[in-house]
Amino acid sequence: MVIGIDGGGTKTKLMLLDEQNNIMDVINVGPSSIRTVPFETSIQTLVDGLKKIITPQLIVTSIFAGLGDVTGEEDAKRVVDALKASFPRLNDIKITVKNDVYNAHAGALNGE
C-alpha cells in the first residue's frame, strides 16, 4: 500500500492506494501547510491523519506528501524527521515530501 497526501492551508487529504492504484481509503483532516499554521500543528495534523489511515495490519511501503509552503530539501527533511519522531511506525517507510504544486501538476497531467 502507498499513501498520497495533499496538504494545504485549509485542509489535508490522505489517500490510501493498493498496488494497482485502487483507492482503498480517503480521509480529510485539518491544515498542514508548514507556514500557514505553526510547524508543530502541521506535523500533528499529518500524524493524526496517518494514524487514522494506517491500521495495525496494513503494510505501507511509501508515502508522498505534497505540502503547502515546502520550499526545498531542508523543509522536506524537517517534515520527514518530525513525522518519524512523532510516529515511530513510519521509521521503515519511505517518505517523500515536496511542495503541493507537484500534486497539482500530477492531477492536471493525469499522473504523467
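Numbers for residues simply follow the sequence, beginning at 1. Note: hydrogens, waters and symmetry copies are ignored here, and every other heavy atom, side chains too, is used.
With respect to Ser33, the side chain to side chain donor-acceptor pair (under 3.5 Å) criterion is satisfied by exactly one of Asp69, Asp100, Thr45: Asp69. Each of Ile27, Val29, Asp48 was checked for a side-chain contact (heavy atoms from CB on, under 4.5 Å) with Thr12, and the lone residue meeting it is Val29.
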inquiry  = Assess the residue pair Lys52 and Asp25 against the criterion (salt bridge (charged side-chain N to carboxylate O under 4.0 Å, His left out)); give the C-alpha distance rounded to whole Å, side-chain angles, the decisive distance to 0.1 Å, and a yes or no.
reply    = CA-CA 10 Å; Lys52 288 179 183 177; Asp25 198 2; over 6 Å; no

Would Val26 and Leu16 count as a side-chain contact (heavy atoms from CB on, under 4.5 Å) if you check the C-alpha gap in whole Å, the side-chain angles of each, and the deciding distance to 0.1 Å?
CA-CA 6 Å; Val26 177; Leu16 178 68; over 6 Å; no

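Here Phe64 contributes atom CZ and Asp6 contributes atom CG; the two are 9.5 Å apart, rounded to the nearest 0.5 Å. Rounding to the nearest 0.5 angstrom, the gap separating the CD1 atom in Ile54 from the CD1 atom in Ile93 is 5.0 Å. Here the CD-CE distance, from Glu19 to Met24, works out to 10.0 Å after rounding to the nearest 0.5 Å. Atom CG of Asp92 sits about 12.0 Å away from atom CD1 of Ile59, to the nearest 0.5 Å. If you take OG on Ser62 and CE on Met1, they are separated by 12.0 Å, rounding to the nearest 0.5 Å.
Counting only distance, with no hydrogens or angles, the side chain of Asn99 and the backbone of Val70 share a donor-acceptor pair below 3.5 Å.
Proximity of Ile34 to Arg78: side-chain heavy atoms (C-beta onward) are nowhere separated by under 4.5 Å. The shortest distance between side-chain heavy atoms of Asp75 and Arg35 falls below 4.5 Å.
At a threshold of 4.5 Å between side-chain heavy atoms, the hydrophobic network of Ile, Leu, Val, Met, Phe, Trp and Tyr places Ile53 and Val47 in one connected group. In the hydrophobic clustering of ILVMFWY residues, with side-chain heavy atoms under 4.5 Å counting as a link, Leu90 and Val80 come out together. Side-chain heavy atoms closer than 4.5 Å link hydrophobic residues (I, L, V, M, F, W, Y) into clusters, and following such links, possibly through other members, connects Phe39 to Phe87. Taking hydrophobic clusters as Ile, Leu, Val, Met, Phe, Trp and Tyr residues chained together by side-chain heavy-atom distances below 4.5 Å, Met15 does not share a cluster with Leu58.
Other residues, nucleotides and ligands contribute more than 12 heavy atoms inside 6.0 Å of the NZ atom of Lys84.
Across Thr55 and Arg89, no two heavy atoms sit closer than the pair O-NH1, 2.9 Å. Of all the heavy atoms in Leu50 and Leu83, the pair that sits closest is CD1-CD2, 4.4 Å. In terms of heavy atoms, Val37 sits closest to Ser42 at CG2-OG, 3.3 Å. Shown here for Ile3 and Ile5, the closest heavy-atom pair between the two residues is CG2-CG1, 4.0 Å. Nearest heavy atoms, Val97 versus Ala76: O-CB, 3.4 Å. Closest approach of Leu46 to Val79, counting heavy atoms only: CD1-CG1, 4.4 Å.
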